[in-house]
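A quick note: this is a predicted structure, and the numbers were derived from the prediction, not measured.
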Amino acid sequence: MNKSIKWGIIFCVGAGLIGLGIHTFTPRENEELKKIEDVKPQESKKALNVNGQIIKPHLIADQLFVSGKLMPDEEVDLSFEASGKIIDINFTEGSSVKKGQLLAKVNDSQLQAQLARLEAQMPLAEDRVFRQNALLQRDAVSKEAYEQVKTELATLHADIENVKASIAMTELRAPFDGVIGLRQVSTGAYASPTTVIAKLTKITPLKVEFAVPERYARQIRKGTNLTFKIEGKLEEFKAQVYATESSIDPETHTLTVRAIYPNHNGLLLPGRYADVSLKQEEISDAIAIPSEAIVPEMGKNKVFVYRSGKAYPVDVEIGIRTEAEIQIVKGLSAGDTILTSGTLQLRTGMPVTIDQLN
């Protein structure tokens, strides 16, 4: 092989390698990326379908909703003060009783015998005092002798009263008007002061007990009106606060409150749960929007407003809250159109189409 041919081959191989390198490292247009970029502008121009609402000032009330329970005005477990065999039960279970009504009695025959003996001594003791007093007027007896029989009479009176008090302890009487529950004993049973005979409950009126967060503690006071509902009943019941706890619970950070409900017809029974509603404040011309229109972001709250077919965010300051609405104290004005759906998809200047405007 001569020199010219050799160098020709080397030149061709070198040129081929250089050409391959240039082809490999030369930038080329990515067809798939170009397709995506071509689609993006078209997609960005597509409007998002949303719902909107025109802001109109209206009445809004700050209401606090808490759970509570109905409690009896008074309630006590009835029991005897003295021990003995029960000889009589004078009440019907589940019936209404009056204050002072005799409900049950234990055997007091021994006490009655003591009372009869002491009362039999009364005429003689009184006669002694009368005669000694007459003699004293004529200086026929010493004053000391008169004072002695007078003391004996007073002692007899005291013994009689003591026995009568013991007899009263054998009687079980209603301490207040109420409804008596189921009896726990029968006639003939032995009862002691620890034996519960029945439960007596005063259900007219009823107490409504509930707890409010500490930030409402200063707003709840005697005379505050409230309403509550009971499961299974459609109507609302009205009650009024009559007392609050003296301090805030350090564990729950709540203040215990009690209200009174007349319950004149005895319709409600104690022990039931109640959904309590307290109206704190009313604003007649508030700017309030649906809760779903608020978009929390970086510790702030914003709302998207509709302007010339596009969505624009507006920072707002919120006031009181209700179950469905939030008061806006700064950032919006009456007549503004806010967007109430699709808020998480909205971006500044995004085209939108309002499907439903309230």
Next on the checklist: Ignoring hydrogens and geometry beyond distance, is a side-chain donor-acceptor pair present between Thr201 and Glu75 at under 3.5 Å?
Outcome noted: yes
Next on the checklist: If we count only N and O atoms by modelled type, under 3.5 Å, do the side chains of Glu325 and His58 hold a donor and an acceptor together?
Outcome noted: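 Yes.
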Next on the checklist: Set out, in order, the CA-CA distance, both residues' side-chain angles and the distance that settles salt bridge (Lys or Arg N to Asp or Glu O under 4.0 Å) for Lys199 and Asp77, then state yes or no.
Outcome noted: CA-CA 5 Å; Lys199 186 187 295 291; Asp77 287 332; 2.9 Å; yes
Is it true that a side-chain atom of [X] and a backbone atom of [Y] form a donor plus acceptor pair closer than 3.5 Å?
| X | Y | answer |
| --- | --- | --- |
| Thr155 | Thr151 | yes |
| Ser166 | Asn162 | yes |
| Thr204 | Asn263 | yes |
| Ser142 | Ala145 | yes |
| Ser291 | Ala324 | yes |

Checklist entry - Checking side chain to side chain contact (heavy atoms under 4.5 Å, CB included) against Lys105, which of Ile167, Ile86, Asn90 comes through? => result Ile167
Considering all heavy atoms of both residues, which atom of [X] and which atom of [Y] are nearest to each other, and what is their separation?
| X | Y | answer |
| --- | --- | --- |
| Lys85 | Gly188 | CG-O, 3.4 Å |
| Pro193 | Glu81 | CG-O, 3.6 Å |
| Thr195 | Tyr190 | OG1-O, 4.4 Å |

Quick check: is [Y] connected to [X] through a chain of hydrophobic side chains (ILVMFWY, heavy atoms under 4.5 Å apart)?
| X | Y | answer |
| --- | --- | --- |
| Ile326 | Ile60 | no |
| Tyr261 | Tyr242 | no |
| Leu267 | Phe228 | yes |

Next on the checklist: I'd like to know whether CD of Gln101 has more than 12 heavy-atom contacts from other residues, nucleotides or ligands below 6.0 angstrom.
Outcome noted: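 Result for CD/Gln101: enclosed.
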Next on the checklist: Please determine whether the number of non-hydrogen atoms from other residues, nucleotides or ligands lying under 6.0 Å from atom CD of Glu235 exceeds 12.
Outcome noted: yes
Checklist entry - Is Lys207 salt-bridged to Glu209, cutoff N-O under 4.0 Å? => result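 A salt bridge is absent here (no side-chain N lies under 4.0 Å from a carboxylate O).
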Item to check | For Tyr306, all residues meeting ring pair (Phe, Tyr, Trp, His ring centres under 6.0 Å), sequence neighbours excluded | outcome: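 Here no residue qualifies.
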Next on the checklist: Checking Thr337 against Gln53 for the side-chain contact (heavy atoms from CB on, under 4.5 Å) test, could you report, in this order, the C-alpha distance in whole Å, the side-chain angles of both residues, the deciding distance, and whether it holds?
Outcome noted: CA-CA 5 Å; Thr337 300; Gln53 178 176 316; over 6 Å; no
Checklist entry - Please walk me through it: do Thr170 and Phe80 pass side-chain contact (heavy atoms from CB on, under 4.5 Å)? => result CA-CA 7 Å; Thr170 67; Phe80 288 102; 5.8 Å; no
